[in-house]
Amino acid sequence: MKTMSKNKITRTTCVILMVMASAWPALAYPPDNAAVLYYRASLTYHVNDAMTDKVNDIVKGKAEIDDEIREYVKENRHAIKYFVDAGEASHCDWGLDYSEGMELQMPQFAPLRTLARIVMVRTKISTKSADYNEALDLCLSLHKAGSHIGGDGVLISYLVGLSFNALANQGIMDILPHISDNPEILIRLRGQVFEVSGKLPSLTASLNRDMSVCGQHIDKEKAAYILDELLLGEQISKEKARIIRQADENFFKASKEYYLSHQAALLTAIELPYPESYEQLVRLGEKLGSDSKDNPNAMLTSLIVPAIDRVFCLDVKSKTHFNAIKTAIEVYLIKARTGKLPDALPAGLPGDLFSGKAFKYEKNADGFILSCQGKDLSKDKIYEYEFKVKK
Amino acid sequence: MRLTEDIEKRIKNVKIVIDSESNKRVFSNILQAFRKSTAKDLAPTDQPNIWRMIFRNPLTELAAAAVIIIAVSFFSIHQDQDKQERPRIGKVKQSPAEMMTAMSLKIAYRKGGIEAVEEQYNKAFKQLGPRPGSLSAKQIFAESNGI
């Protein structure tokens, strides 16, 4: 009898535990899929055209924070929370059906870009009130969103993600002088930056995905859609579009072959060191341009492949900026430990991706400057990053 | 009578061969004859001058001016409407959904970089209109009771 009653208690306990265990994942927050929270944030933020303009001005440094904007940011606190929490999720599946090809709908990025700027303003508010940990967490959430958007997506997603990374880099740069004497926050930031670095989206993966998605349309039946769009965007003449529409299967077969060989050449080129890579990408672009005039099989490829050399330079620029931030954190930590800036950069720090060398380090009255040793060849420009030190 | 019957008989028996050359020749003869007669009919000396008649009488002059004004304004209004209603060739409007496809956004990027992509998004969302604001439990209950 005793055993029976004991058995009953054990059984009931087991059942309760099993029910709790099975229900637990459903109640877990944040969810595994970041997209759920990004979509939720997009639905929750307060749309206000006048305030959106003001937010843009503040982000660009054209306006100052006032009570009105503080109130607007406060109204959006729930959306900001979902946005930040999404960054903690292990993966991001936007629920896109890539088999739709270039007809794929991508409305999710627009509200997120607006929201990213609101997050940026909140970062500035937190910095003003000396809540640097919160300000940095917000910046890093922008980096994480950039990776979630740009990772595994098509080229447009990658570019949107890159714009988030650029925003985050600028945000961190603005906060760094305020924490230059605080080793605790600097060490915390170093850990966070290290974590984000490993998740930065890859241009190769994105380009590969994009070209596969575009390639679906080099087909007699599916070409109509892109031709209509190109006509609307005034990217193709009516005559050219008419010729392609009337082309036979052999034309599309040969066009696809050309497209795939161009794709392979691009993917090989972006793996080279920057100067060689840029040179090769420019050459491939020029070859495509001249081929499209003489070789009908190159026509469709020239219409759907954007200037990859420009995208590549943006990618290198963003990653170089992030490397400069990582280097600066180490310099600030030396300053916090020793009380003065080092005379030279320590070895083994991440460098400038334009030259593949370490940054050029120069002290000045306000702090220090990290300069690239290689040019952004698309703009014929050498980037310099100025970091100030708290006096 | 005999002559008439004879002519009728001949006409019945005649074989008419129609070829394009004779067609052209006949048509040009008719046209020439018509032009000659029209020119003669409308000779200025033979025709009364309608404008002179109108302007001789102040009342008809006023009425003619009114008719001209009405006709001109009617024509110009209709022309404006035509301009507004006629879709621009090569610039057919896209729906917001079409504006946010990968292809459409890619074209925007080709034209003006990430700013152009954003502009395209703004246009699309403007067309979609404002999103519903927060939905309270009270509203849901009110709607459910109404069903």
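These values consider heavy atoms only, across backbone and side chains, with no hydrogens, waters or symmetry-generated copies. Predicted model only: the values in this text are computed from it and were never measured. Numbers restart at 1 for each chain; the letters A, B, ... are given by sequence-line order, proteins then strands.
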Got A/L159 and B/V117 here, is their nearest side-chain heavy-atom distance under 4.5 Å? no
Sequence neighbours excluded - salt bridge (Lys or Arg N to Asp or Glu O under 4.0 Å) pairs with any residue from residues 96-116 of chain A: A/R113-B/E118
One should read off an interatomic distance between A/L230 CG and B/S104 OG, to the nearest 0.5 angstrom, of 10.0 Å
Taking the side chain as C-beta and beyond, is there a heavy-atom pair between A/F109 and B/L105 under 4.5 Å? no
Can you name the residues of residues 201-213 of chain A that have some heavy atom under 4.5 Å away from a heavy atom in chain B? A/D210
With rounding to the nearest 0.5 Å, note down the distance linking CD in A/Q105 to CE in B/M99. 11.5 Å
Among residues 216-224 of chain A, residues within the sub-4.5 Å heavy-atom range of chain B, in order of number, are none
Quick one: pull up CG in A/L232 and CD1 in B/I107 and give me the separation to the nearest 0.5 Å. 8.0 Å
Chain B contacts: which residues in residues 301-315 of chain A have a non-hydrogen atom closer than 4.5 Å to it? A/S302, A/L303, A/I304, A/V305, A/P306, A/R310, A/V311, A/L314
For A/L155 and B/Y109: C-alpha separation, side-chain torsions, deciding distance, then whether side-chain contact (heavy atoms from CB on, under 4.5 Å) applies. CA-CA 10 Å; A/L155 216 50; B/Y109 181 78; over 6 Å; no
Given 3.5 Å as the limit, does a donor-acceptor pair link the side chain of B/K111 with the main chain of A/G233, or not? yes
In terms of heavy-atom pairs under 4.5 Å with chain A, which of B/P96, B/A102, B/G113, B/A97 leads? B/A102
Considering all heavy atoms of both residues, which atom of A/P107 and which atom of B/Y121 are nearest to each other, and what is their separation? CA-CE2, 4.1 Å
Please classify the contact of A/Q235 with chain B as side chain, backbone, both or neither, using a heavy-atom distance under 4.5 Å. side chain
